[in-house]
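Right, one structure below, let's go through it.
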There are 4 protein chains.
Amino acid sequence: MTTGEGPRRGRGRPRTPGAEERILDAALAEYGEHGWSGFTMDAVARRAGVGKSTVYLRWSDKDALLTDAVASHGLELTAVDTGSLAGDLTQLALNLLRHFHGAAGWAALRITFDTASVDDRLGDFAEAVNEVHGRQVEQICLRAIERGEMAEDIPITAVTETIYGAAMVHALSERLEARADSDVEVEARARHIVAMILPGISTMPGTT
Amino acid sequence: MTTGEGPRRGRGRPRTPGAEERILDAALAEYGEHGWSGFTMDAVARRAGVGKSTVYLRWSDKDALLTDAVASHGLELTAVDTGSLAGDLTQLALNLLRHFHGAAGWAALRITFDTASVDDRLGDFAEAVNEVHGRQVEQICLRAIERGEMAEDIPITAVTETIYGAAMVHALSERLEARADSDVEVEARARHIVAMILPGISTMPGTT
Amino acid sequence: MTTGEGPRRGRGRPRTPGAEERILDAALAEYGEHGWSGFTMDAVARRAGVGKSTVYLRWSDKDALLTDAVASHGLELTAVDTGSLAGDLTQLALNLLRHFHGAAGWAALRITFDTASVDDRLGDFAEAVNEVHGRQVEQICLRAIERGEMAEDIPITAVTETIYGAAMVHALSERLEARADSDVEVEARARHIVAMILPGISTMPGTT
Amino acid sequence: MTTGEGPRRGRGRPRTPGAEERILDAALAEYGEHGWSGFTMDAVARRAGVGKSTVYLRWSDKDALLTDAVASHGLELTAVDTGSLAGDLTQLALNLLRHFHGAAGWAALRITFDTASVDDRLGDFAEAVNEVHGRQVEQICLRAIERGEMAEDIPITAVTETIYGAAMVHALSERLEARADSDVEVEARARHIVAMILPGISTMPGTT
DNA sequence: CTATAATCGAGACGGTACGTCACGTCTTGAT
DNA sequence: ATCAAGACGTGACGTACCGTCTCGATTATAG
């Protein structure tokens, strides 16, 4: 994911340690402020206090930098473990809604779609996405099954896709309608989503 | 959405009839082949066999053309009415999975995210998306409520977002993992999705 | 010499008429002010009030532009005809001393050496130099021979080379020593040069 | 001219003996092959098989290196003393014609013009040129005056400039016309040049 | 024999200019 | 009025080179 270790044999001046991170931060900041079409390599370099060559030594082009920047900061998602399936899913939905609402999460989302549209360089990014996001729901479900809260015949990927999709589309609609939900609204939406799918996966019919 | 009807008064040479469509097709093809950053107006014009002026006479800029191209081919979704909520939702999910799997649907999806990321020109596209997609689920739910199959206190947008989201993320994961689901798998996935949310919105607890 | 007439069939917007000259002027001015290493294509374009593309549409690269700029303005040399060989040569020497002393003449000189060092694109420039400079002395000598002032067995190219060389090296030494000769000194030098070679080519021995 | 003697006190690793020369040779070769605009420090260092620091420890910048490279190989001119003014000048002219015809002499010439075009660092190179070349003619003339062969009122610099200029322009025209004179032609040209200026500086009118 | 120190090869660094490419505008002659 | 063609001003792209710097590895003298 990061840079891919070129020819490092200890010879020559080592790459400036902090540079990688400064550039990634600058990239994310520029992207956040000016969007895709206003995202300039020169501006990133200037903001990071670095020459363009330093950037291009590490990333082959604009897309690679942006993808990496997003991957490095946009895939963070705190783990969830409240003790109950309903609690876990609600907390997860809340996290996701907030994640996709924020600049980094949204950027990551967009980049994911861009990346998935091109034949090249799929491997790394896809792996990362699956690792970080897919695993999360898997853990929750496995624990719930162990506790006997969840039916065993539910395909976990379907649960993942549904919750992620709901949060994702909600964030999308928020943006399309230039709306900014309040905290209360976000929490209500999280509860609604979980209320909708919980009966379908729970072992106890009728739970709300 | 369409063309914006410029100065049409009958005087002077009329606009070449087939041009509109040829350009839109070329735009979609170019976008599909090269993605956003490889999408150029010159290439579209060349591919469509027209001059750049012909393009710019109809669309104000790149974004407008691309948005329109997608809207013209990517928002087609046949209406659904099977007589039951479960049947409607299953058919809708199936349609969506197939829609996002295809080139036009995927392109529309990608464009939607791109469009939603920029501050400008939100209005038109958002309206279109809501019109075409939002209405669909609304109809289904209203009919179900009328039939007494669905609880009245479920926010319809939540249903929309969940179903759309599930289909969307499934298509995304298909691409990220370079997978191509068979017809049977797609149908199973549609049933799973509906099975998951149906108990949560139905008036009859325990329904499958 | 100029641009080499590309595909001109009357279609498309014609090249802006004045641009060629404005760019050449700007190039010469920039070269004069900042020298070779301070000569920038961006600066030339900015000074000429045109875009870089307009420049690169006409000249393939920096060298080509500079060569052309110099050729267009640096080869001007007013004809000479005073009626006598001594007068003609003195006037010519004076012209040359002043020509090479000035920015344009000096630039032309330098470019000539650069051009002669590379195997490519010799043809045009060499032709121009010979046309403009070689012809000049030829005329003078032919008239002198006709008048009986000059021996017929003198190779004219030797005369050319000697006079041109003398003026050239004088200008070179002026620059190397950061000296700026006065008008009187320049005239004296012109007379000295002619005095030195006139007896060698004249039919009347002992003339000064 | 040479190296500029840095801090040499005996402590620390001594400079690699052969490096100086290898770098100068590489510089001259690169200059000869690619000309000024294709002359890069990286290429010189690579060709010489040394690091860039080794180069920059010895010369402050590109110009200094190039100037020095040329000065070290391009100013060699064997002294002349045949016993007569005519003989000396003829031999000198011959030497010059051959000198400027060769790669090193031509490179030196080109560098001289380049150097003289820039405002900085004139001193050193100008001194070198004057020292090596100017002195040569001065010696010849002084001996001739002593022998009574040459008039005393002739400005020696004019003689220098004329002979040097003639040889220089001849070499230039040879290159511009992609011509390569034979030995016989070169000797004839040397005699012609001297024949042209000898009467003008000699004390004996009518001498050939 | 160890410490100090200048030099070596390599190559990353902040800059700056290069020549290319696309944008959206414009100007032409033809339809 | 619209068309195909294509030049225009603008500005970002990714590359190359400058002269500087930092590294670990020599290679000498000084103590």
Name the nucleic acid region contacted by [X], choosing base, sugar-phosphate or nothing; use a 4.0 angstrom heavy-atom cut-off, strictly under.
{"X": "C:T54", "result": "sugar-phosphate"}
{"X": "C:K52", "result": "base"}
{"X": "C:T40", "result": "sugar-phosphate"}

Nearest-angstrom distance from the residue atom [atom1] of [X] to [atom2] of [N]:
{"X": "D:W36", "N": "F:dC17", "atom1": "CH2", "atom2": "P", "value": "15 Å"}
{"X": "B:H34", "N": "E:dC21", "atom1": "NE2", "atom2": "P", "value": "15 Å"}
{"X": "B:L57", "N": "E:dG24", "atom1": "CG", "atom2": "P", "value": "15 Å"}
{"X": "C:Y31", "N": "E:dA17", "atom1": "OH", "atom2": "P", "value": "17 Å"}
{"X": "C:W59", "N": "E:dC18", "atom1": "CH2", "atom2": "C1'", "value": "18 Å"}
{"X": "C:K62", "N": "F:dA16", "atom1": "NZ", "atom2": "P", "value": "17 Å"}
{"X": "D:M41", "N": "E:dA10", "atom1": "CE", "atom2": "C1'", "value": "16 Å"}
{"X": "D:Y56", "N": "E:dG9", "atom1": "OH", "atom2": "P", "value": "15 Å"}

Side-chain N or O of [X] versus OP1/OP2 of [N]: is the shortest distance under 4.0 Å?
{"X": "A:R13", "N": "E:dG14", "value": "no"}
{"X": "D:R11", "N": "E:dA6", "value": "no"}
{"X": "C:T16", "N": "F:dC8", "value": "yes"}
{"X": "A:R58", "N": "F:dG14", "value": "no"}

- [ ] Would you kindly compare A:F39 and B:S53 by the position of their nearest DNA chain F nucleotide and give the one closer to the 5′ end?
- [x]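 Going by which nucleotide is closer to the 5' end, it is B:S53.
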TODO: Return the residues of residues 42-51 of chain B meeting this criterion: a heavy atom under 4.0 Å from some atom of DNA chain F. Order them by number, or give none.
DONE: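 Heavy-atom cutoff 4.0 Å gives B:G49, B:V50, B:G51.
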Distance (rounded to the nearest 0.5 Å) between [X] [atom1] and [Y] [atom2]:
{"X": "D:W36", "Y": "D:L66", "atom1": "CH2", "atom2": "CG", "value": "6.0 Å"}
{"X": "A:D68", "Y": "A:L28", "atom1": "CG", "atom2": "CG", "value": "11.0 Å"}
{"X": "C:R58", "Y": "C:T16", "atom1": "CZ", "atom2": "OG1", "value": "6.5 Å"}
{"X": "A:R15", "Y": "A:L57", "atom1": "CZ", "atom2": "CG", "value": "5.0 Å"}

TODO: Could you check whether the rings of B:Y31 and B:F39 sit parallel, tilted or perpendicular, using 30° and 60° as the cut-offs?
DONE: perpendicular
Task: Partner residues of D:D42 under the salt bridge (Lys or Arg N to Asp or Glu O under 4.0 Å) criterion, sequence neighbours left out - done: D:K52
Open item on the list: Counting only heavy atoms not in D:E33 (residues, nucleotides, ligands), do more than 12 fall under 6.0 Å from its CD?
Closed with: yes
